[in-house]
Structures are given as structure tokens and as C-alpha cells.
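Below is one structure; the comments refer to it alone.
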Protein chains: 2
Amino acid sequence: MGISHPTKSIAVPGRVAPRGRADLADALAVDTIHVGDCIAAIESLPAESVDLVFADPPYNLQLENALTRPDQSLVDAVDDDWDKFASFDAYDAFTRAWLKAVRRVMKKNATLWVIGSYHNVFRVGSALQDEGYWVLNDIVWRKANPMPNFRGKRFTNAHETLIWAAKGADAKGYTFHYDALKGGNDDLQMRSDWFIPLCTGGERLKDANGDKLHPTQKPEALLARVLLSSSNPGDVVLDPFFGTGTTGAVAKKLGRHFVGIERDPGYAAAAKARIDAVEPLSPDAIAPAPDKRAEPRVPFLSIVESGFVRPGERLICGRRRHEAVVRPDGTLSLGGIVGSIHKIGALAQGLPACNGWTFWHAERERSLVVIDQFRAQVRATMGAA
Amino acid sequence: MGISHPTKSIAVPGRVAPRGRADLADALAVDTIHVGDCIAAIESLPAESVDLVFADPPYNLQLENALTRPDQSLVDAVDDDWDKFASFDAYDAFTRAWLKAVRRVMKKNATLWVIGSYHNVFRVGSALQDEGYWVLNDIVWRKANPMPNFRGKRFTNAHETLIWAAKGADAKGYTFHYDALKGGNDDLQMRSDWFIPLCTGGERLKDANGDKLHPTQKPEALLARVLLSSSNPGDVVLDPFFGTGTTGAVAKKLGRHFVGIERDPGYAAAAKARIDAVEPLSPDAIAPAPDKRAEPRVPFLSIVESGFVRPGERLICGRRRHEAVVRPDGTLSLGGIVGSIHKIGALAQGLPACNGWTFWHAERERSLVVIDQFRAQVRATMGAA
DNA sequence: TTTCACTATGAATCTTCCG
DNA sequence: GCGGAAGATTCATAGTGAA
């Protein structure tokens with residue numbers, strides 16, 4: 001990979017080009033860190049070229065005084081110049097500028113993640129709504145080990161907020177690995193509150209003195225959940241506030257490409273070294289989990305033609321309350337009405353709609369077999385062919 | 001108590017006057033519901049007269065189509081006129097107007113609570129910062145039983161956000177019952193993420209048909225934690241969007257005074273009847289109650305994220321007859337099939353179901369460790385969850 | 001009385017393909 | 001772009017009534 005100063009870049013070796021764009025004159029150079037101004041760097045990228053954006057912008061913390069713990073040790077606060085803004089207006093102008101620039105380089109169905117705290121997240125959320133983004137979720141990162149409130153004047157600030165947004169309200173084709181997330185969560189839908197520890201220990205980058213290298217390094221587990229939920233292997237992930245490269249490290253590990261932008265050369269160099277040391281997971285470990293929506297369509301007629309169901313046979317609902325007759329053209333008949341497995345299922349129940357695949361069953365050796373199982377068998381033979 | 005139409009009010013009998021103001025000519029009439037326009041009613045109140053504000057404004061949900069559950073039943077959505085705004089600008093103007101009016105009637109050290117969802121909370125948060133309020137915390141209400149995402153297109157929207165703000169950055173003398181909250185929370189600081197069930201069952205007000213009377217009635221447990229943390233007995237609590245009077249009911253129960261504003265006479269009448277029926281707690285009983293929960297659910301993904309199990313590692317059953325590969329998204333892979341620890345455990349054994357937590361083991365120093373043990377260790381770190 | 005089966009419902013910005 | 005059809009999709013609680 002590489003680093004670019006305005007506009008110089010360093011590329012990580014041994015990485016492949018992004019899908020289908022390498023031949024373009026203005027092709028996006030991936031697995032690269034751009035060193036320089038965030039907005040100028042974004043504007044140098046091709047339009048509609050990235051699949052996902054993760055942004056961890058300055059929080060504008062507005063800290064006034066030093067803070068000590070009850071044992072009088074000093075809390076190492078975020079007091080960097082990059083986190084200081086003259087006013088809310090200045091912060092808002094900065095926010096709108098980078099959000100606007102980022103939106104231009106997002107593909108039609110790309111999505112954006114932004115992380116923030118109560119200091120800045122309301123400004124960011126309002127700005128992105130104003131810019132035309134469409135909020136899909138706000139996600140709460142519940143910290144396993146937050147810093148306590150040493151003065152006892154407020155609730156322990158134990159979470160940060162991520163906003164997940166599409167490019168617009170009409171962009172319905174965004175990536176979301178619903179089934180994989182559910183499978184990794186005890187077969188329950190993944191909720192909007194995530195419980196993840198802070199980035200500490202060996203994962204936290206240190207300088208020569210053993211002090212933390214970056215004040216707000218995010219845990220890789222957080223980025224992994226973001227990338228696994230809303231991107232595919234081979235996708236390009238843009239991080240306009242790259243810092244020490246957590247997004248890049250996780251992207252490489254999970255088989256995604258990244259484009260990082262970082263204005264501090266020291267952070268960029270640390271990120272490069274960190275990412276170079278990352279070993280990607282094996283392809284079969286990161287292959288997308290099966291997605292029911294991606295399965296090939298199988299007409300019910302194919303089930304009949306394959307002999308799994310005979311023309312003239314009766315199909316029965318799971319509770320044996322309704323039945324219909326299979327016709328040789330792959331429709332069902334019920335009381336003289338003929339229609340698709342879905343239409344007749346809906347008719348039988350008096351409902352506006354019905355998934356016939358899971359509603360109808362066939363009698364096999366005195367027990368009921370759902371016809372969706374026959375579809376799975378037909379699909380298995382399609383894959384083999 | 002009483003209800004006032006512009007400006008008529010109903011007062012609850014048997015209530016005491018607020019501390020130290022009953023002798024003023026423009027004294028605040030407490031334990032009263034004002035029926036009428038929110039902003040006009042706030043402007044009719046004396047300046048610097050309330051100790052706490054709780055506001056549950058319209059969320060501006062922007063729902064377009066009907067939504068059905070997988071069983072085809074219709075979701076009873078919030079489609080009331082009061083939640084419809086022409087644009088973000090219209091919503092922002094409304095928000096700034098009530099925030100400005102409310103700030104005038106707040107005492108110097110009063111604080112404000114506002115609840116919202118991602119649809120509106122960024123607008124509200126930005127507006128209150130712009131009006132000079134100083135954010136103290138954002139609080140996440142984690143819902144025990146949220147409505148699922150029926151289309152599988154997003155994360156379950158399982159929380160709402162509350163913003164807690166002081167009148168200004170210099171108002172340091174606000175009420176916060178740090179020790180009471182800590183004592184009611186296993187002697188740990190109360191965190192910014194609260195786990196509370198929805199308002200259902202007997203607590204939910206119903207109309208003559210048995211349908212919910214108000215679409216967005218909040219749970220009393222949520223209001224109780226708000227009032228217990230940031231107000232004192234005898235304080236005056238203003239709620240400019242009173243609805244069916246949850247704030248009033250909890251205030252009366254906890255020995256606080258309330259001022260409610262509600263533009264719908266039907267809601268106001270229901271609120272009055274509800275509050276009249278409330279029996280105040282004895283003074284010694286007014287203390288925060290811990291809500292002990294059952295064991296928190298831990299997704300297998302968290303075990304992977306915590307490093308107890310590595311992506312790519314093999315899990316083995318207790319008799320070493322079956323094995324599967326761990327994927328980074330918290331699913332398992334066996335012979336090309338990907339699914340949850342439970343699904344793959346069942347598949348390996350040819351059974352309809354399986355408890356993956358007790359079935360799968362990891363090899364550690366040549367002996368097998370059941371993955372349920374890792375779950376116990378993760379739970380131990382969750383502490384206050 | 002207890003248990004079980006079945007139904008109802010909650011602040012929700014909730015589809016995709018083909019002709 | 002539009003209309004119609006295919007077809008994918010739910011978790012925690014409460015309540016009711018039968019066994």
C-alpha cells in the first residue's frame with residue numbers, strides 16, 4: 001500500500017485492483033493513504049467510485065479545564081488542534097463540506113457510517129439529512145469499559161453513536177447482510193445497540209514512550225461489524241479521517257479495499273506499517289454467508305416438472321386447514337379458482353398476501369413436507385450443473 | 001388537578017403549592033393541565049419558574065406506506081396529523097420556537113430532557129445547542145421488546161435517545177442524585193444506556209374499544225428514572241407535550257409538582273383521570289429502584305470479537321465427532337453450509353435443533369473448553385448491562 | 001391450579017423483478 | 001418510469017381460553 005502527500009500516496013503491495021474499474025483512465029487507486037487536506041483529497045477521487053464510507057471526524061469536544069481522577073492522576077484528554085473549532089458554525093461548515101464531497105464519490109447504492117458523541121453527532125446528523133442522505137439506523141456503541149465520570153456530576157458517558165445512511169431515500173439497493181448478522185446473533189435480528197469493548201491492550205498503537213499514539217483509536221471489532229454488515233469482499237471502503245488506519249487494517253483482514261485520507265504524516269506512516277503487517281483471512285472465511293434474496297428464482301412449475309410434486313396432487317397447509325390441487329402448468333386450483341401458489345395461499349387464508357413456498361406442504365409418508373424444501377433440492381441440482 | 005382551555009385549567013385537589021412562589025402575583029399554577037397551543041401556553045407561564053422540563057415532541061416520522069408483519073397483520077403506525085411537517089425547515093422552526101419558550105421559564109439551574117429517535121433527535125440536539133443549552137448527557141433508552149424490522153433491511157431499531165441539557169454552560173448547580181443512582185445500581189455509576197421495557201399491558205391506557213389511547217405513551221419507569229435522577233421532591237416539572245400524562249402521573253407518585261400542556265382535549269381529559277387515580281408514594285419510599293435483569297444475551301459474534309475464539313478456528317463437539325470453522329461474522333461453516341452455532345450444530349448431528357453454546361468446544365492446551373464458558377466470561381465483563 | 005397453544009401488538013422513515 | 005406479480009419477512013410480552 002502507499003501514502004500520498006498532496007497528492008503523494010503509498011500503496012500496499014500485493015493487493016488486487018477493484019472490480020471493473022482498473023481499466024479506467026481516472027481509476028481509483030485503492031489500498032492507498034492520501035496525506036493531505038481531507039476535502040481536497042476527496043475531490044480528487046472519481047465520482048461514484050466507492051461502495052462504503054466510514055468517517056470518524058473530529059468531535060469538537062470543547063474541553064476547557066484539565067481533569068484528574070480521584071487518585072489525582074491526570075486524564076490524558078483529547079486536546080489536539082484538529083479537534084478545535086471556533087464555533088458551532090465553523091464546525092457545521094466543515095461538516096457540510098466533507099459530507100458533500102463524500103456524497104459525490106459514493107456509488108448509487110453506497111452507504112455512509114459516521115461515528116460521534118453528543119458533542120458533535122447532532123450537528124453531523126442534521127447536516128447529512130440536509131445534504132440529502134437518508135438515515136437507515138442510528139447505532140449505539142455501548143462501551144464495555146467506559147471511563148467513569150470522575151466528578152459524579154453526570155451519568156457515565158458509556159456509549160458513542162454511529163449513524164448509518166444511504167445516499168438518498170430512493171437508494172434501496174444498499175448492501176445489508178441480514179442473514180449473516182442474524183446467524184451470528186443466536187438467530188435473532190441484530191439490534192441497534194452493540195456491546196463492544198474499547199480499544200486497549202495490544203491492539204492499541206503506542207509511541208516510542210509507550211503512550212497511546214492516537215487519542216481516539218477505535219476498536220477493530222467495531223469496524224469489523226460495520227464492514228461485515230454493509231459491504232462485500234472486494235468493495236472499496238473510503239475513510240476520510242484515517243488516523244492510525246483501523247478501517248484499513250480491518251478492510252485488509254476482511255478482503256475489502258480501502259482508500260484512506262489523513263492529514264498528519266505521522267499517523268499515516270503508523271497506519272501504513274500497521275496495515276502492512278495485517279494478514280488477510282482466507283477467502284472461504286470471508287465469503288458472503290448465503291443470502292436468501294440472492295438465491296436463483298425457481299418457478300413452482302420446475303418443482304412439478306422435476307417430479308417432486310405430481311400434477312393432481314393435493315397440497316395442504318401446515319395446520320391441515322386448507323388444501324389445493326396442483327395443476328400441470330404449475331398453478332394451484334382451489335374451489336374453481338386457479339392461481340399461483342402465493343395467490344391461492346392468500347385466498348385460502350383470506351389474507352392480502354402469502355408466501356406459498358412456506359405455506360403449502362405435501363404429504364410424504366404421513367408427515368408434511370414444506371414445498372420450500374423441494375425448491376432447495378432443485379436449487380442444489382442447479383448449482384451442480 | 002385541573003385542565004385549562006386557552007387558558008382554562010384543571011387542578012388536582014389536595015396538592016401543595018410550589019416552594020416559595022405561592023405568594024407571587026404571577027405565581028405558577030401547578031398540578032394543572034393547560035389545554036391549547038404549546039408555545040402560547042409556555043409563554044403564559046412566569047419566567048424562571050420550573051425546576052425540570054421533560055419534552056416528548058413529535059418525531060416527524062415521515063412514513064409513506066403501510067407496513068405489515070410477516071403474518072400479514074397491519075402495523076398500527078403513527079399517522080396522526082400532529083406528527084406531520086412539511087419539511088425539515090418547518091420542523092426546525094417549530095423546534096426552535098418551543099425550545100426558546102421553554103428556556104425562559106426554566107430556573108437558572110433547571111435542566112431539560114428531550115426524547116426522540118433518529119428521525120428528529122439530530123434536529124432537536126442541534127437546535128438546543130444553538131439556543132444556548134449545554135448538553136450534559138445523551139441517554140439511550142434500550143428497549144427490552146422493540147418492534148422487529150419486518151423486512152430484514154435494517155438493524156432492529158431497538159432504542160430511543162434522550163438528551164439531558166442544562167440551561168447554559170455556566171449553570172453548574174443543577175440537580176443530579178449521583179449517590180442515589182449509584183446505590184440503586186449495584187454501587188456502580190449509572191451509565192448512559194438504560195434498559196427498560198415498552199409501555200404495554202395494564203399500564204397502557206386504552207380507549208372504549210380496547211385500542212391504545214395514545215400512539216406513543218412512554219413507560220413510567222423511564223420517567224421515574226428521569227425525575228429521580230434530576231429533580232427533588234417538591235420541584236415543579238414542566239411537560240409541554242403532555243399527551244396522556246405519564247410525566248404528571250410519575251411526578252405525583254414521586255412527590256413532584258407538574259405543569260402539563262396538551263393541545264388535544266381528549267388526551268388532556270384522559271391524563272386528568274389517570275393522575276387523579278395516582279396514589280403518591282410515602283416520602284420515605286421515594287428512592288430509585290434498581291431494575292435487576294436476567295442474564296444479558298450475548299451474541300456468538302461478541303465471543304469472536306472479544307478474542308476468545310479466532311476467526312478461522314475449528315470448533316469441535318464434545319465427543320470430537322463433528323467440527324466446524326468459525327467465520328468472522330459469528331457464524332459457523334461446515335461443508336460449505338453457513339449458519340448460526342445452533343443451526344450448524346443441528347446440521348452436524350442431523351437433528352432439528354441444537355444448543356450451540358453447550359455443543360461446540362474449542363481446543364485449549366489439548367483439552368476441550370465449551371464455548372458457553374467464554375460466554376460466561378464475556379457476561380462477567382458486561383457488569384452493569 | 002398449572003400448562004400450553006394460539007393470538008395480538010409496539011414511535012417503523014421496512015422489496016425486487018420484469019415487462 | 002410505471003404497474004403488477006413474485007416472494008421475503010418478526011421479537012418480546014400480554015392476554016385468552018382450552019386442556
Side-chain angles (χ1 to χ4, degrees), chain A residues 109 129 133-138 164-166 168-174 176 178-179 182 185-192 291-300 319 330 339-343 345-346 352-359 371-372 375, chain B residues 56-80 82-85 88 115-121 141 143-161 195 197-204 206 210-212 214-219 241 243 294 297:
Chain A
N109 283 316
Q129 287 177 319
Y133 290 93
W134 189 247
V135 178
L136 297 169
N137 278 115
D138 59 334
W164 182 40
D170 53 342
K172 308 269 194 192
Y174 56 85
F176 180 56
Y178 176 79
D179 289 308
K182 189 173 172 181
N185 188 40
D186 258 17
D187 287 325
L188 293 172
Q189 288 189 346
M190 186 66 80
R191 296 171 40 122
S192 56
D291 175 2
K292 295 191 88 169
R293 291 183 169 87
E295 297 273 10
R297 291 202 172 197
V298 176
F300 182 64
R319 292 179 188 172
S340 70
I341 54 172
H342 313 295
K343 282 279 192 298
C354 166
N355 183 341
W357 291 110
T358 53
F359 179 72
I371 63 172
D372 202 33
R375 181 168 64 160
Chain B
D56 183 8
Y59 285 12
N60 187 25
L61 285 186
Q62 308 170 69
L63 304 176
E64 302 245 317
N65 303 308
L67 178 66
T68 55
R69 299 184 181 81
D71 65 2
Q72 305 302 324
S73 63
L74 188 67
V75 173
D76 184 13
V78 178
D79 54 2
D80 306 72
W82 51 253
D83 198 50
K84 297 193 194 311
F85 292 82
F88 278 132
I115 185 166
S117 68
Y118 66 82
H119 309 84
N120 72 321
V121 76
W141 168 29
K143 300 180 184 182
N145 43 348
M147 195 183 301
N149 184 286
F150 295 121
R151 292 291 174 270
K153 290 293 292 179
R154 305 180 178 195
F155 298 92
T156 307
N157 190 4
H159 74 276
E160 293 186 23
T161 301
F195 188 80
L198 297 178
C199 176
T200 60
E203 187 185 319
R204 190 79 191 229
K206 304 282 173 32
D211 297 322
K212 61 187 174 190
H214 190 282
T216 71
Q217 186 180 339
K218 296 294 178 290
F241 306 97
R297 185 186 307 281

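Source: prediction; values computed, not measured. Reminder, nothing fancy here: chain letters follow the sequence lines and each chain counts from 1.
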Would you list the protein and nucleotides 17-19 of chain C atom pairs, both N or O, that sit under 3.5 Å from each other?
none

Any N/O pairs under 3.5 Å between the protein and nucleotides 8-10 of chain C? List them or say none.
unit_1 : atom_1 : unit_2   : atom_2 : d
C:dG10 : OP2    : B:Lys212 : NZ     : 2.9
C:dG10 : O5'    : B:Lys212 : NZ     : 3.1
C:dG10 : N7     : B:Arg69  : NH2    : 2.6
C:dG10 : O6     : B:Arg69  : NE     : 3.1
C:dG10 : N2     : B:Asn145 : O      : 3.2
C:dG10 : N2     : B:Pro146 : O      : 3.2

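Nucleic acid contact for A:Leu188: sugar-phosphate only, since backbone atoms but no base atoms lie under 4.0 Å from a heavy atom of the residue. Residue B:Glu203 is classed as having no contact, given no heavy-atom separation below 4.0 Å to the nucleic acid. Among the protein residues, B:Pro57 comes within range of the nucleic acid bases, having at least one heavy atom under 4.0 Å from a base atom. Among the atoms of the strands shown, base atoms are found under 4.0 Å from some heavy atom of B:Asn149. Using a 4.0 Å heavy-atom cutoff across all strands shown, B:Thr216 reaches at least one base atom of the nucleic acid. Nucleic acid contact class of A:Gln189 (heavy atoms, under 4.0 Å, all strands): sugar-phosphate only. The residue A:Trp134 sits close to a base: some heavy atom pair falls under 4.0 Å.
Look at B:Arg151 and you'll find a side-chain N or O under 4.0 angstrom from OP1 or OP2 of C:dT15. Between A:Tyr178 and D:dT10 there is a side-chain N or O to OP1 or OP2 distance below 4.0 Å. The phosphate of D:dT10 has OP1 or OP2 within less than 4.0 Å of a side-chain N or O from A:Lys182.
Defined by atom type and a distance below 3.5 Å, a donor-acceptor pair is missing between the side-chain atoms of A:Ser340 and A:His342.
Residue A:Thr358 is the one, among A:Thr358 and A:Arg191, whose nearest nucleotide of DNA chain D lies closer to the 5' end (criterion: closest heavy atom).
For C:dA12, the base has no donor-acceptor partner in the side chain of B:Lys153 [N/O atoms by modelled type, under 3.5 angstrom].
What separates CH2 of A:Trp164 from P of C:dA12 is a distance of 18 Å, to the nearest Å.
Between A:Asp179 and A:Lys182 there is no salt bridge, since no side-chain N of the basic residue sits under 4.0 Å from a carboxylate O of the acidic one.
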